[in-house]
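What follows is one structure encoded as structure tokens, with my remarks underneath.
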Amino acid sequence: EALALGEFNDADLILRLPPGQRIRDIKWLSVWCRRFTINFGEVFIPQGIEVPKIRILPEFKRLAHGLRSDNISILDAKTFYIPNLHYDGAGPAAYFWVGNGSEPHRLGIKVPNEVRSLEPLRAYQGEDIEIQLPGSLTVYDIDWLCVWCIRYTQNFGHVMIPKDLDVPPALNQTKISTMSTLGPSRSASNCRQFLNKRLQVRWELVGDKIKITLDARINEDEYAAFGLSGDPHSTKMVGGDVTVTFYDMLTDSFNAVDYYMSTTAQCDGKHGVCPDEVIGGRNDVSFVSGERYEGVTSITFLRPLQTNEAVNDRAIPRRGEVSVIAAIGPLNSKREANAHGTDDKTMNDEKIDFSQTYEDGCPVSLYDLLDENTTKAFQAMKIEGVQIFHAKIGPTGGKKGYSAITGQPSWGISWYINGLLIPEITVVRGQSYVFVVEGGNDKTNTPRYHPLYITDSPEGGYGQKSPSEQVKERIYAGVAFDHNGYPYPTAAGRYCEYSHVTIDLVDESDTFDDYFKTLRLLCEDGEIAHLNWTVPTDAPNTLYYQCYIHRNLGWKINVVDVSSGKTFMPYVSLLIAITILAVWIPTQLTRFRIL
């Protein structure tokens with residue numbers, strides 16, 4: 001038997017009809033007192049009512065990084081169900097992304113993943129997930145959902161949202177709870193990085209509090225600290241009010257602790273770098289969540305903008321810049337912050353206006369940073385004594401590949417030359433070479449459009465640069481100019497890509513040869529392109545093969561003179577061998593006919 005109703009005050013309820021009953025079978029709904037047979041209030045159900053229902057959409061449009069899915073469903077006004085999701089995880093800063101307009105663009109909004117995290121998307125291999133729009137945002141406010149790379153402003157695939165939606169309201173009836181419990185996520189993309197990119201600080205104003213997430217590449221016995229400087233106008237450790245976050249291996253717990261620094265000495269119970277509670281204050285920080293994954297500790301906490309402690313705490317201004325400080329260091333045996341290294345604290349004056357938006361202020365994912373203690377980079381590859389170079393697209397090799405070899409961030413794809421990941425190519429001044437280019441020629445699909453050109457720029461991307469940036473770059477091949485003086489690429493062939501057979505298995509690959517075995521070559525129909533290049537006699541010692549549209553896909557071309565015997569001898573030997581064979585084979589054929 002159903003229980004009697006209790007007290008409700010501004011509550012949202014979901015009522016499920018008894019088995020066999022449908023909304024069209026009833027005429028009214030009321031709150032009724034059975035004891036006294038009194039109607040407390042009713043609502044009448046219109047005849048022929050159209051009940052909101054789940055809406056089925058097409059699958060993700062397949063544009064880049066192996067993104068695909070089955071048909072996507074809108075479960076309610078905030079929730080998407082994405083079945084059989086595939087994505088190789090190689091995008092450096094890819095997120096679920098929503099917005100308005102006829103197609104995805106950079107002015108969108110991040111959507112948390114299936115575990116309510118705003119970390120860059122991991123790889124998916126046929127998984128069924130649900131994601132939910134943040135804050136007060138609903139499906140009626142957006143025109144599309146996509147997977148978007150904010151660093152390279154690229155759409156990996158999207159689905160459009162129709163305007164004639166009539167889906168159930170979002171009342172937590174799906175398995176994901178709403179993200180709006182802490183207020184609207186109006187600045188969820190705010191982020192700043194510190195300490196040589198090892199610490200990322202994300203924040204969101206929530207009423208009279210601020211929610212902060214510290215993501216740090218640290219060891220399990222280390223802490224990450226962030227807060228207000230002792231001087232609101234410059235960097236000063238003494239007088240600083242910081243929150244120290246860490247993972248405690250002994251208790252298997254995550255912690256966020258309010259600290260005050262009266263001096264830079266170790267805490268003696270009265271002075272030094274001390275938790276507020278140790279020196280008679282109060283821990284005004286509220287721990288929200290924590291996780292540790294692949295060497296990155298992420299801890300979220302809440303702190304009031306204004307506390308009642310005049311000495312130990314500083315007020316966080318709702319508007320206007322304020323100086324901030326950060327540090328990384330070891331924990332002592334008491335699980336308190338110990339002295340950090342000289343390079344493990346903020347050295348320059350860093351300021352933040354917590355009311356402003358710092359979109360993509362953290363362009364490098366912490367998971368992409370090379371951990372020298374645990375990650376061994378692939379050995380750099382070289383090509384010498386070759387005249388023909390086959391250029392195709394492939395994955396960057398994660399932390400062991402492009403970024404480790406070049407020291408530059410990657411887009412998740414890069415050039416493969418003759419089946420090698422961004423090898424250094426050696427060419428000889430005055431000699432001619434051919435690049436067989438298969439990087440895509442569909443201008444309407446920029447994630448798969450990669451014309452190759454030769455330049456003196458270490459990053460490339462000539463086509464997306466401003467005129468003032470273009471004049472600083474010298475082009476050596478692959479670019480022409482029309483009669484109005486506008487540049488255009490000349491070497492854009494069909495699209496060929498070394499793609500993952502399953503997901504990116506770079507972590508299981510000790511060498512590039514091992515990694516290459518996990519890839520397969522897929523080529524679209526179409527014509528290949530040829531870039532014919534004779535190396536100028538005055539060419540500098542270092543040039544680069546790059547993508548005309550995107551930055552950071554290629555690597556070095558070493559330019560040498562004919563007199564560089566060691567480099568040139570294989571080329572000479574090859575020519576001699578070809579010449580000998582050209583004479584010998586016809587002779588032998590003639591001899592064979594005579595016999």
Side-chain angles (χ1 to χ4, degrees), residues 61-68 88 90 103 152 154-157 381 383 386-396 402 411-423 425 427 431-455 457 460-465 470 473 475-501 516 519-536 543-555 557 578:
K61 188 175 182 179
R62 306 179 183 188
L63 297 181
H65 286 289
L67 179 68
R68 68 183 191 274
D88 65 15
E103 62 182 18
Y152 288 97
Q154 289 295 325
N155 172 24
F156 295 164
M381 289 155 272
I383 297 179
V386 174
Q387 286 183 283
I388 300 177
F389 305 104
H390 294 268
K392 297 176 174 66
I393 296 298
T396 58
Y402 188 98
W411 180 38
I413 60 172
S414 55
W415 283 115
Y416 278 57
I417 306 296
N418 294 355
L420 300 178
L421 170 62
I422 55 165
I425 295 173
V427 299
Q431 301 298 324
S432 296
Y433 299 87
V434 177
F435 286 82
V436 181
V437 184
E438 297 171 288
N441 54 13
D442 183 0
K443 297 180 181 178
T444 65
N445 186 4
T446 55
R448 287 174 173 257
Y449 180 51
H450 308 291
L452 186 140
Y453 78 115
I454 297 172
T455 172
S457 170
Y462 186 80
Q464 65 169 268
K465 294 181 178 179
Q470 289 179 343
E473 181 176 344
I475 307 298
Y476 285 82
V479 179
F481 295 83
D482 63 19
H483 64 280
N484 292 319
Y486 292 106
Y488 63 92
T490 61
R494 67 173 185 171
Y495 189 77
C496 283
E497 179 181 11
Y498 293 103
S499 62
H500 303 291
V501 175
F516 193 69
L519 308 178
R520 60 183 173 184
L521 180 62
L522 300 175
C523 291
E524 298 178 350
D525 295 334
E527 299 293 329
I528 61 177
H530 294 87
L531 189 157
N532 299 295
W533 179 44
T534 299
V535 184
L543 293 174
Y544 300 86
Y545 56 92
Q546 297 287 8
C547 171
Y548 180 83
I549 299 298
H550 307 95
R551 303 179 194 229
N552 301 119
L553 264 69
W555 193 223
I557 300 176
I578 292 174

Please name all residues satisfying salt bridge (charged side-chain N to carboxylate O under 4.0 Å, His left out) with Glu103, sequence neighbours left out, ordered by chain then number.
none
Assign the ring pair Tyr453 / Tyr548 to parallel, tilted or perpendicular, where the plane angle (0 to 90°) is split at 30° and 60°.
perpendicular
What heavy-atom pair brings [X] and [Y] nearest, and what distance separates the two atoms?
X: Ile417; Y: Ala391; value: CD1-CB, 3.7 Å
X: Gly478; Y: Leu531; value: CA-CD1, 3.6 Å
X: Ile454; Y: Trp533; value: CD1-CE3, 3.3 Å
X: Leu553; Y: Ile413; value: CG-O, 3.7 Å
X: Ser457; Y: Gln546; value: O-NE2, 3.4 Å
X: Ala491; Y: Ala529; value: C-CB, 4.0 Å

Starting from the C-alpha separation in whole Å, work towards a yes-or-no answer on side-chain contact (heavy atoms from CB on, under 4.5 Å) for Met381 and Leu421.
CA-CA 7 Å; Met381 289 155 272; Leu421 170 62; 3.9 Å; yes
Please report the interatomic distance [atom1]([X]) to [atom2]([Y]), rounded to the nearest 0.5 Å.
X: Leu67; Y: Arg62; atom1: CG; atom2: CZ; result: 9.0 Å
X: His450; Y: Ser414; atom1: NE2; atom2: OG; result: 10.0 Å
X: Tyr433; Y: Asn532; atom1: OH; atom2: CG; result: 13.5 Å
X: His530; Y: Ile388; atom1: NE2; atom2: CD1; result: 8.0 Å

Any sub-3.5 Å donor-acceptor pair from Tyr449's side-chain atoms to Ala492's backbone N or O?
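Answer holds: no.
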Just by modelled atom types, is the Ile549 backbone N or O under 3.5 Å from a matching donor or acceptor in the Gln464 side chain?
yes
Does some side-chain heavy atom of [Y] sit less than 4.5 Å from a side-chain heavy atom of [X]?
X: Leu63; Y: Asn445; answer: yes
X: Ile383; Y: Asn418; answer: yes
X: Glu524; Y: Glu497; answer: no
X: Arg448; Y: Ile393; answer: no
X: Ile425; Y: Tyr544; answer: no
X: Asp88; Y: Pro395; answer: no
X: Val501; Y: Leu519; answer: no
X: Val434; Y: Gln387; answer: no

According to side chain to side chain donor-acceptor pair (under 3.5 Å), who are the partners of Tyr476, at least two apart in sequence or on a separate chain?
Arg474
According to side chain to side chain donor-acceptor pair (under 3.5 Å), who are the partners of Gln470, at least two apart in sequence or on a separate chain?
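Scan of Gln470 (side chain to side chain donor-acceptor pair (under 3.5 Å), adjacent residues dropped) gives none.
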Criterion side-chain contact (heavy atoms from CB on, under 4.5 Å) on Phe516 and Tyr416, from CA distance to verdict:
CA-CA 11 Å; Phe516 193 69; Tyr416 278 57; 4.3 Å; yes
Residue pairs, two or more places apart or on separate chains, that pass salt bridge (Lys or Arg N to Asp or Glu O under 4.0 Å) and touch residues 477-490
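Residue pairs with at least one partner in residues 477-490: there are none.
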Check against side-chain contact (heavy atoms from CB on, under 4.5 Å), Val437 and Phe389
CA-CA 8 Å; Val437 184; Phe389 305 104; over 6 Å; no
side-chain contact (heavy atoms from CB on, under 4.5 Å), that's the test. Do Tyr545 and Ile422 meet it? Break it down for me.
CA-CA 9 Å; Tyr545 56 92; Ile422 55 165; 3.9 Å; yes
Would you say Tyr486 has more than 12 foreign heavy atoms packed within less than 6.0 Å of its OH?
no
Would the number of heavy atoms belonging to other residues, nucleotides or ligands and lying under 6.0 Å from CG of Asn484 be above 12?
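More than 12 heavy atoms, drawn from other residues, nucleotides or ligands, come within 6.0 Å of this atom.
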Pairing residues for Thr490 by the side-chain contact (heavy atoms from CB on, under 4.5 Å) criterion, not counting sequence neighbours:
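Thr490 satisfies side-chain contact (heavy atoms from CB on, under 4.5 Å) with Ala480, Tyr488 once adjacent residues are dropped.
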Leu521: partners by side-chain contact (heavy atoms from CB on, under 4.5 Å), with sequence neighbours left out:
Lys392, Cys496, Tyr498, Cys523
Any salt bridge between Lys465 and Glu473, counting N to O under 4.0 Å?
yes
Step by step, would you call Ser432 with Thr534 a side-chain hydrogen bond (donor to acceptor under 3.5 Å, both in side chains)?
CA-CA 4 Å; Ser432 296; Thr534 299; 2.8 Å; yes
